[in-house]
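Notes follow the structure.
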Amino acid sequence: MSRWKELPAELHPHIHQLIVRLRRLKDRSELSTRQLAAKTGYSAKSWQRYLNGRSLPPREAVEAMARVGGDDPPRLLVMHEIAAQRWAEGRAVAADAPENPSATPAHPPAEQQPFRRHLRAAVTAGVLVTALSVSAALLLAVRLTDARAQLAHERSDAVTTAPATVSESLVPVIYTCRLEQRDGRWYAGLSRTTDLLLSNTQVGLEVAEAQCLLHRAGTAPGDIDGVFGPKTRRAVERMQKQNGLIVNGVIDPPTWQALRSADAK
């Protein structure tokens with residue numbers, strides 16, 4: 001485990017959270033900074049700046065770290081997007097500050113005072129609007145996820161031929177499987193998780209990933225719609241029986257291992 005330096009106190013909490021997550025992924029990978037540079041294409045000095053909070057890593061570097069550390073890239077990229085907004089706001093405020101504060105007159109000319117007051121008010125209002133927009137977007141995403149899960153639960157108990165999931169615009173969602181084999185494991189391009197528990201009524205990319213792998217293993221779950229419904233559960237049970245696993249209809253770590261295995265039945 002690395003002994004990390006304390007991050008700068010002036011970092012915004014969202015930036016601080018992103019860097020701490022990246023540090024944990026590096027620790028999990030057990031790679032040195034030079035080894036990390038070789039695997040990601042970003043220099044060791046760059047990673048030292050990123051992981052010590054001296055500069056914000058680009059989106060591609062964050063995505064590369066997610067792959068190296070075995071994390072889910074979409075979730076980490078959401079954190080990076082929010083951190084990038086906070087970083088830009090901090091740079092804008094720093095750019096407005098005088099280079100030599102001691103040279104600033106204690107009492108600016110009277111004609112400049114109203115202008116400066118309006119400028120400060122405008123900057124403050126802009127930061128507040130941005131913060132409220134990000135918070136509203138995150139709240140909407142949480143509520144949408146809850147609504148989709150509830151809808152999937154209700155439809156799983158009803159007799160209907162409609163898809164078990166809907167998108168934000170109430171249009172059925174069908175995901176595309178992009179199967180590829182890496183290091184002896186199969187991936188469908190939607191999630192890289194190997195230990196997330198999935199069961200009835202759950203929705204999301206992880207479920208769609210599992211559905212793709214079930215289809216590859218010969219136990220088709222129906223549409224690749226990202227909803228863990230009755231068809232998906234039955235497909236999981238068939239796959240578990242074929243591979244000598246505990247038949248519980250739940251995608252647990254042993255089931256993930258069998259699904260991603262190169263010789264899954």
Side-chain angles (χ1 to χ4, degrees), residues 1-31 33 35-37 39-94 126-149 167-168 175 187-198 202-209 226 256:
M1 186 69 68
S2 302
R3 298 183 61 183
W4 296 103
K5 296 181 181 178
E6 186 174 355
L7 291 173
E10 64 272 15
L11 283 182
H12 190 280
H14 288 156
I15 303 173
H16 187 281
Q17 183 181 17
L18 173 66
I19 296 175
V20 169
R21 184 70 170 269
L22 294 175
R23 286 180 169 186
R24 289 176 180 172
L25 292 177
K26 180 183 179 301
D27 288 340
R28 184 191 301 176
S29 71
E30 298 182 351
L31 297 176
T33 307
Q35 292 171 329
L36 183 62
K39 284 185 173 290
T40 62
Y42 290 84
S43 68
K45 289 185 178 179
S46 295
W47 277 114
Q48 289 172 2
R49 292 196 303 271
Y50 301 155
L51 296 174
N52 286 313
R54 296 198 299 271
S55 63
L56 188 71
R59 176 186 176 89
E60 293 76 11
V62 172
E63 189 172 10
M65 177 65 88
R67 292 194 300 268
V68 170
D71 202 355
D72 224 3
R75 295 180 179 176
L76 198 60
L77 290 177
V78 169
M79 295 177 62
H80 175 266
E81 183 176 354
I82 298 174
Q85 292 178 352
R86 297 295 180 260
W87 188 276
E89 291 167 5
R91 289 175 65 88
V93 172
V127 172
L128 180 60
V129 168
T130 301
L132 290 175
S133 299
V134 173
S135 299
L138 292 175
L139 180 60
L140 178 60
V142 172
R143 290 182 176 177
L144 178 61
T145 300
D146 292 341
R148 292 178 68 185
S167 68
E168 293 81 351
Y175 294 92
Y187 298 92
L190 298 169
S191 172
R192 299 183 66 83
T193 184
T194 58
D195 55 6
L196 185 65
L197 290 178
L198 298 176
Q202 290 187 262
V203 298
L205 293 173
E206 292 83 2
V207 176
E209 173 83 7
W256 275 117

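Reckoned from all heavy atoms, side chains included, excluding hydrogens, waters and symmetry mates.
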Worksheet item: If you draw a 6.0 Å radius around CZ in Arg24, do more than 12 non-hydrogen atoms from other residues or ligands fall strictly inside?
Response: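 Check fails, neighbour count at 12 or below.
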Discussion item. The test is side chain to side chain contact (heavy atoms under 4.5 Å, CB included); show your working for Trp4 and Asp27 and say whether it passes.
Written reply: CA-CA 10 Å; Trp4 296 103; Asp27 288 340; 3.1 Å; yes
Worksheet item: Considering residues at least two apart in sequence or located in another chain, which fulfil the side-chain contact (heavy atoms from CB on, under 4.5 Å) criterion with Leu205?
Response: Pro74, Tyr175, Leu190
Practice prompt. Sequence neighbours left out, what passes side-chain contact (heavy atoms from CB on, under 4.5 Å) with Glu63? Give chain and number order.
Written response: Arg67, Pro73, Leu77
Fill in: Pairwise distance CG(Leu196) to CD(Glu209) - rounded to 0.5 angstrom
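Answer for the CG-CD pair, Leu196 versus Glu209, is 11.5 Å.
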Side-chain polar contacts of residues 47-59 - donor-acceptor pairs under 3.5 angstrom, sequence neighbours left out - could you list them?
{"from": "Trp47", "atom 1": "NE1", "to": "Thr40", "atom 2": "OG1", "distance (Å)": "2.9"}
{"from": "Arg49", "atom 1": "NH2", "to": "Ser46", "atom 2": "OG", "distance (Å)": "3.3"}
{"from": "Asn52", "atom 1": "ND2", "to": "Gln48", "atom 2": "O", "distance (Å)": "2.9"}

Worksheet item: How close do Ala83 and Ile15 get, heavy atom to heavy atom, and via which atoms?
Response: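 Looks like O-CG1, 3.6 Å.
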Worksheet entry | Residue pair Leu25 / Ala66: nearest heavy atoms and the distance that separates them | CD1-CA, 4.2 Å
Discussion item. Suppose we screen for side-chain hydrogen bond (donor to acceptor under 3.5 Å, both in side chains). Which residues come up paired with Arg75, at least two apart in sequence or across chains?
Written reply: Glu206
Worksheet item: With Arg192, which residues qualify under side-chain hydrogen bond (donor to acceptor under 3.5 Å, both in side chains), at least two apart?
Response: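 None.
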Worksheet item: Do any pairs count as a ring pair (Phe, Tyr, Trp, His ring centres under 6.0 Å) and have a residue in residues 53-76, sequence neighbours left out, and if so which ones?
Response: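 Of all non-adjacent pairs touching residues 53-76, none passes ring pair (Phe, Tyr, Trp, His ring centres under 6.0 Å).
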Discussion item. Looking at Asp71 and Arg21, is there a salt bridge between them, counting it only when a charged N and a carboxylate O are closer than 4.0 Å?
Written reply: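 Salt bridge: yes.
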